[in-house]
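First comes the structure, then the notes that go with it.
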Amino acid sequence: MTKKDVIRLLEKIAVYMELNLENPFKVSAYRKAAAALETDGRTLDEISDFSELKGIGKGTNDVITEFVQTGKSSVLKDLTDKVPPGLIRMLKLPTLGPKKIAKIHDALGIDTLEGLKAACENNEVSALSGFGKKTEENILKSIETVLNRPERYPINRILKFKQVITDVIDTIPGVERYDMTGSGRRTKETSRDLDFIVKVEDYQLFTQTMIEQNFVTEIVSQGDKKLSLEIEHDFDKINVDFRFVNGDEYISTLQHFTGSKEHNVKMRQIAKSRGEKISEYGVETPDGLKTFQSEEEFYHYFDLPYIPPAMRETGKETDIDISEIVSLSDIKGDLHMHTVYSDGANSIREMVEAAREKNYSYIVITDHSKSLRVANGLSDERLLEQLEEIRAIDQEYDDIDVYSGTEMDILADGTLDYSDEILSQLDYVIAAIHSSFQQSEEDIMHRLKTAMDNPYVRHIAHPTGRLIGVRDGYPVNMEELFDYAEKTNTILEINANPQRLDLSSDAIANQNVMFTVNTDAHHTDHLDFMHYGVSTLQKGFVKTSQVLNTLSREEFKAYINKDKQSDINE
DNA sequence: GCCGTTTTCGGCCCGACTGTTTTCAGTCG
């Protein structure tokens, strides 16, 4: 029995209560109780009295206590006796909510998706009062969608959908400004849909242009203020919402539609306690509607520091001190990138020039090692050749330090791809697993530990090998990984490539080790990925002092010239 | 069901759009 089990129980009760048409505020109380448990940093055993948490009172405390002690819940049992499980599946259908489902169930006795489909096809649903032809069609369409489309897409897929949309927006005259909002802006690992806000002179022209595009498969809704479409790209379908903004409310609309919902509820409660009201149009104050020039100004107005989008999730971000959390401007260099020596697209010099444009103080060139043949990994000789070239280029620049490194393979049996004799000549060594993902956790941990034990290996790249929504990665014992990293002074990477985001924000929260965030760029354009990695760190509430590449140029040079075992911040 | 510096009852964030209805309920974000 873990905290997660209790959270799931409370959320399950909320869903069943919703379908049982209980008071919506009662339903919401169960959801809030679940959120309160989630936000609390402690484990189940560490909490002695649940009712001391804000949002948990006598009722939910009793439910939790019964469940923890007996493993059962009489409240849930009563509900599951009353509500057929098929109705839970119906809740997933867009346009169908608890009220309509209850009505269909009560009037027609339908309690399965299949039964619902048949009833629509026989026009039984449209015969009910309050239902019509259109509702029936929409239900059939919803069933189709739910059966044929993934619920959420990984962030990398979301970014491709985004490109399809922005390519069109960029051609529409009169568009003054637009932003992607929603979970995409918050850098969630997966998103259900795409959201944009658009400041445009003529929303009708915008709407007309957009709905004429070949990729539009359905107009979900269309009004003066918003447009909602279903689009298709590369055989995948997703919903896209546009919100039209006029005048001075842009920042308030941006803030509102960035979410999360929980974050917004929290902000509105704060406003309300001051006698004010937040909406997407601004803040209603006793002196009239207040609008803002920036989100910084918006948060400062409520006596809060600027909260980056990535951190706007549970609402707890408004309660805690976030002044020391890392931000993109703290990043002084990129320690993991590839060149044409292995599988990168650009030369060392091109990478240096691109890094200078980012105002970085230092970079490390880290091509693949010899065993990674598919990526043209460097033999000992080519690595030493490259080292010479890096040294020469470094000499040419006053404003940036260019260090020689490698992303060295940890081979299947745990041996490292270069000898210590070779490694000792490099400035900075990264180790990574690129092969034999199917090994047991024990074998994988043996490989990672061998690398961490090596005196030249400074950091482990993409420690789990996962690709979001594509593969889980190899089996890593996370507790052991963090313990061993701490023991050996080995730094763990947040790989900023949006396919990876590895380690994940969930994994790094509340850990006491050093991290580094790097793009793993294979092209100069990829250096732009850095902000995804920083967002991941922000979601894990990681402080600037815990991130290696926030060190100044001099501090980083000192770190490189020191033994791995010595303290970084000495 | 939870909560309280307008407190033990009466609120609980707020607005857009659709569809069915003829003034609004339901759903969504």
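Here is the naming used below: chain letters follow the sequence lines, and residue numbers restart at 1 for every chain. Predicted model only: the values in this text are computed from it and were never measured.
- Counting only N and O atoms by type, the side chains of A:Asp170 and A:Tyr178 include a donor and acceptor under 3.5 Å apart.
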For nucleotides 4-9 of chain B, tabulate all protein N/O to nucleotide N/O atom pairs closer than 3.5 Å, reporting atom names and distance.
none

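- No side-chain N or O of A:Asn497 forms a donor-acceptor pair with one of A:Asp520 less than 3.5 Å apart.
- For A:Lys272, a side-chain nitrogen or oxygen approaches OP1 or OP2 of B:dC12 to under 4.0 Å.
- Of all the residues in residues 87-98 of chain A, A:Leu93, A:Pro94, A:Thr95, A:Leu96, A:Gly97, A:Pro98 reach under 4.0 Å from DNA chain B with at least one non-hydrogen atom.
- As a whole-Å value, the separation of A:Gln269 CD from B:dC12 C1' is 9 Å.
- Residues that satisfy the side chain to side chain donor-acceptor pair (under 3.5 Å) test with A:Thr519, not counting sequence neighbours, are A:Asp334.
- Within residues 313-321 of chain A, no residue is approached by DNA chain B to less than 4.0 Å at the level of any non-hydrogen atom.
- Against DNA chain B, the stretch residues 186-206 of chain A makes no heavy-atom approach under 4.0 Å.
- At the phosphate of B:dC14, neither OP1 nor OP2 sits under 4.0 Å from any side-chain N or O atom of A:Asn264.
- Residue A:Lys26 places its side chain closer to B:dG1 than to any other of B:dG1, B:dG29, B:dG26.
- Rounded to whole Å, atom P of B:dG15 lies 12 Å from atom CZ of A:Phe257.
- Near-neighbour residues of DNA chain B inside residues 274-285 of chain A, defined by a heavy atom below 4.0 Å, number-ordered: A:Lys277, A:Ile278, A:Glu280, A:Tyr281.
- Side chain to side chain, A:Gln208 and A:Glu212 meet the donor-acceptor criterion of an N or O pair below 3.5 Å.
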(Q) Please evaluate residues A:Arg31 and A:Val27 with respect to the criterion side-chain contact (heavy atoms from CB on, under 4.5 Å), reporting the C-alpha separation (whole Å), side-chain torsions for both, the decisive distance (0.1 Å), and the verdict. (A) CA-CA 7 Å; A:Arg31 296 219 160 94; A:Val27 175; 3.6 Å; yes
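- Counting non-hydrogen atoms of neighbouring residues, nucleotides and ligands closer than 6.0 angstrom, the CD atom of A:Glu151 reaches no more than 12 such neighbours.
- Rounded to whole Å, atom P of B:dA16 lies 19 Å from atom CG of A:Leu229.
- Residues satisfying the ring-ring contact (aromatic ring centres under 6.0 Å, His included) test with A:Tyr281, not counting sequence neighbours, are none.
- Side-chain atoms of A:Thr285 and A:Lys290 form no donor-acceptor pair, as typed in the model, at a separation below 3.5 Å.
- Within a 6.0 Å sphere centred on CD of A:Gln293, heavy atoms belonging to other residues, nucleotides or ligands number 12 at most.
- If you take CD on A:Glu11 and CZ on A:Arg8, they are separated by 9.0 Å, rounding to the nearest 0.5 Å.
- Taken from CG in A:Leu503 to CD in A:Gln511, the straight-line distance is 9.0 Å, to the nearest 0.5 Å.
- Ring planes of A:Tyr299 and A:His263: tilted class, angle from 30 to 60°.
- Among the nucleotides B:dG26, B:dG29, B:dA16, the one closest to any side-chain atom of A:Asp241 is B:dG29.
- For A:Tyr250 and A:Asp179, the side-chain atoms include at least one donor-acceptor pair closer than 3.5 Å.
- Using a 4.0 Å cut-off between a side-chain N of Lys or Arg and a carboxylate O of Asp or Glu, A:Glu22 and A:Lys82 do not qualify as a salt bridge.
- Using atom C1' as the reference point in both B:dG10 and B:dG15, the two lie 23 Å apart (nearest Å).
- Comparing B:dC2 with B:dT7, their C1' atoms sit 13 Å apart, to the nearest whole Å.
- Legend: residues meeting ring-ring contact (aromatic ring centres under 6.0 Å, His included) with A:Phe257, ordered by chain and number and at least two apart, are absent.
- Remark: P of B:dC3 and NZ of A:Lys32 are 9 Å apart, rounded to the nearest angstrom.
- Across the P atoms, B:dC12 and B:dC17 are found 24 Å apart, a figure rounded to whole Å.
- The NZ atom of A:Lys199 sits 12.5 Å away from the CG atom of A:Leu254 when rounded to the nearest 0.5 Å.
- Its glycosidic angle being more than 90° from 0, B:dT5 falls on the anti side.
- Taking atom NZ of A:Lys261 as the reference point, atom P of B:dG15 lies 16 Å away to the nearest angstrom.
- Side-chain contact, A:Asn138 with A:Thr95: no donor N or O sits under 3.5 Å from an acceptor N or O.
- For residues 39-64 of chain A, no residue pair satisfies the ring pair (Phe, Tyr, Trp, His ring centres under 6.0 Å) rule, not counting sequence neighbours.
- At whole-Å resolution of the value, CZ in A:Phe242 and C1' in B:dG29 are 16 Å apart.
- Residues satisfying the ring-ring contact (aromatic ring centres under 6.0 Å, His included) test with A:Phe298, not counting sequence neighbours, are A:Phe292, A:Phe302.
- Distance noted for atom C1' between B:dT8 and B:dG1: 15 Å (whole Å).
- Contact annotation for A:Lys225: backbone-only contact, meaning every heavy-atom pair under 4.0 Å involves sugar-phosphate atoms and none involves a base.
- Between the P atoms of B:dT20 and B:dT27, the separation comes to 13 Å (whole Å).
- Nucleotides B:dC9 and B:dC14, compared at atom P, are 25 Å apart to the nearest Å.
- Atom CD in A:Glu22 sits about 8 Å away from atom P in B:dG1, given to the nearest Å.
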Enumerate, atom names and distances included, each donor-acceptor pair closer than 3.5 Å involving a side-chain atom of residues 60-70 of chain A, sequence neighbours excluded.
from: A:Thr60; atom 1: OG1; to: A:Gly57; atom 2: N; distance (Å): 3.3
from: A:Asp62; atom 1: OD2; to: A:Lys58; atom 2: NZ; distance (Å): 2.9
from: A:Thr65; atom 1: OG1; to: A:Asn61; atom 2: O; distance (Å): 2.6
from: A:Glu66; atom 1: OE1; to: A:Ser74; atom 2: N; distance (Å): 3.2
from: A:Glu66; atom 1: OE1; to: A:Ser74; atom 2: OG; distance (Å): 3.1
from: A:Glu66; atom 1: OE2; to: A:Ser74; atom 2: N; distance (Å): 3.1
from: A:Glu66; atom 1: OE2; to: A:Ser74; atom 2: OG; distance (Å): 3.1
from: A:Thr70; atom 1: OG1; to: A:Glu66; atom 2: O; distance (Å): 2.8
from: A:Thr70; atom 1: OG1; to: A:Lys72; atom 2: N; distance (Å): 3.0
from: A:Thr70; atom 1: OG1; to: A:Lys72; atom 2: O; distance (Å): 3.3

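- Distance, A:Lys266 NZ to B:dC12 C1': 15 Å, rounded to whole Å.
- Separating the CD atom in A:Glu280 from the CD atom in A:Glu249 is a distance of 9.0 Å, to the nearest 0.5 Å.
- Pairing of B:dG11, defined by two Watson-Crick or G-U wobble distances under 3.5 Å, is identified with B:dC2.
- In terms of phosphate contacts, A:Ser28 brings no side-chain nitrogen or oxygen within less than 4.0 Å of OP1 or OP2 of B:dG1.
- Of all the residues in residues 120-134 of chain A, A:Gly130, A:Phe131, A:Gly132, A:Lys133, A:Lys134 reach under 4.0 Å from DNA chain B with at least one non-hydrogen atom.
- When the side-chain nitrogen and oxygen atoms of A:Lys99 are compared with OP1 and OP2 of B:dG26, one or more of them lie within a distance under 4.0 Å.
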